[in-house]
Amino acid sequence: MDLQSLGQEIKLLRKQKNWSQNDMETYSGITKRTISKIENGFIDEVGIKKVETILDLLGVEFALRQKGRPRTLEE
């Protein structure tokens, strides 16, 4: 998954919770500007701790899988 796809997934999860970027800033301590950049793929690098904080807040976690392999039903 590239950063653009990750950002789109984060945005989708946030919207499913009916949270605004302002809500995310309040809950995570990460600025709305940074959240916007992540969600829209306008950030070249993002710290893993920020992503981990956001994903934890959204109730999901990282999972590693072999690159190029098809997704399983669980994924």
Side-chain angles (χ1 to χ4, degrees):
M1 174 178 282
D2 61 17
L3 288 178
Q4 181 114 21
S5 299
L6 177 63
Q8 291 171 351
E9 190 68 26
I10 288 171
K11 188 175 194 174
L12 178 69
L13 291 166
R14 176 180 59 79
K15 288 186 173 198
Q16 286 175 352
K17 290 190 173 286
N18 293 317
W19 289 350
S20 68
Q21 289 178 345
N22 285 329
D23 293 331
M24 287 290 292
E25 180 179 35
T26 300
Y27 303 147
S28 70
I30 298 168
T31 66
K32 185 173 90 168
R33 183 171 189 245
T34 298
I35 292 167
S36 177
K37 284 182 168 186
I38 292 169
E39 287 184 352
N40 293 297
F42 293 132
I43 197 163
D44 293 330
E45 295 182 13
V46 62
I48 194 77
K49 288 300 273 176
K50 286 182 182 176
V51 173
E52 181 183 33
T53 298
I54 290 169
L55 294 178
D56 186 52
L57 187 60
L58 294 170
V60 295
E61 62 186 20
F62 281 115
L64 298 176
R65 66 180 176 92
Q66 193 171 15
K67 188 174 182 175
R69 141 182 106 67
R71 298 180 114 190
T72 65
L73 291 176
E74 287 181 353
E75 294 172 330

Residues two or more places apart in sequence or in another chain: which of them pass side-chain hydrogen bond (donor to acceptor under 3.5 Å, both in side chains) with [X]?
| X | value |
| --- | --- |
| T31 | T34 |
| D2 | S5 |
| S28 | none |
| E25 | none |

Residue list, side chain to side chain contact (heavy atoms under 4.5 Å, CB included) with [X], at least two apart or on another chain:
| X | result |
| --- | --- |
| T26 | none |
| Q8 | Q4 |
| L13 | E9, Q16, L58, V60 |

Min side-chain heavy-atom separation K17-D23 under 4.5 Å: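 Not touching, per the 4.5 Å side-chain cut-off.
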Show your working on side-chain contact (heavy atoms from CB on, under 4.5 Å) between V51 and L55 and close with a plain yes or no. CA-CA 6 Å; V51 173; L55 294 178; 3.7 Å; yes
Sequence neighbours excluded, every pair satisfying salt bridge (charged side-chain N to carboxylate O under 4.0 Å, His left out) that has a member inside residues 30-42: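 Residue pairs with at least one partner in residues 30-42: R14-E39.
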Any salt bridge (charged side-chain N to carboxylate O under 4.0 Å, His left out) pairs touching residues 49-63, not counting sequence neighbours?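 Passing the test, one end in residues 49-63: K49-E52.
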Tell me the ring-ring contact (aromatic ring centres under 6.0 Å, His included) pairs involving residues 1-27, sequence neighbours left out?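 For residues 1-27: W19-Y27.
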Show every ring-ring contact (aromatic ring centres under 6.0 Å, His included) that has at least one partner inside residues 44-67, sequence neighbours left out.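 As it turns out, there is no ring-ring contact (aromatic ring centres under 6.0 Å, His included) pair with a partner in residues 44-67 once direct neighbours are skipped.
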Roughly how far, to the nearest 0.5 Å, is CD1 of I10 from CG of N40?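 Between N40 CG and I10 CD1, I get 11.0 Å after rounding to 0.5 Å.
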Nearest 0.5 angstrom please: I35 CD1 to I54 CD1, how far?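 So the CD1 of I35 and the CD1 of I54 are separated by 5.0 Å.
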Set of residues satisfying ring-ring contact (aromatic ring centres under 6.0 Å, His included) with respect to F42, sequence neighbours excluded: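 F42 satisfies ring-ring contact (aromatic ring centres under 6.0 Å, His included) with no residue once adjacent residues are dropped.
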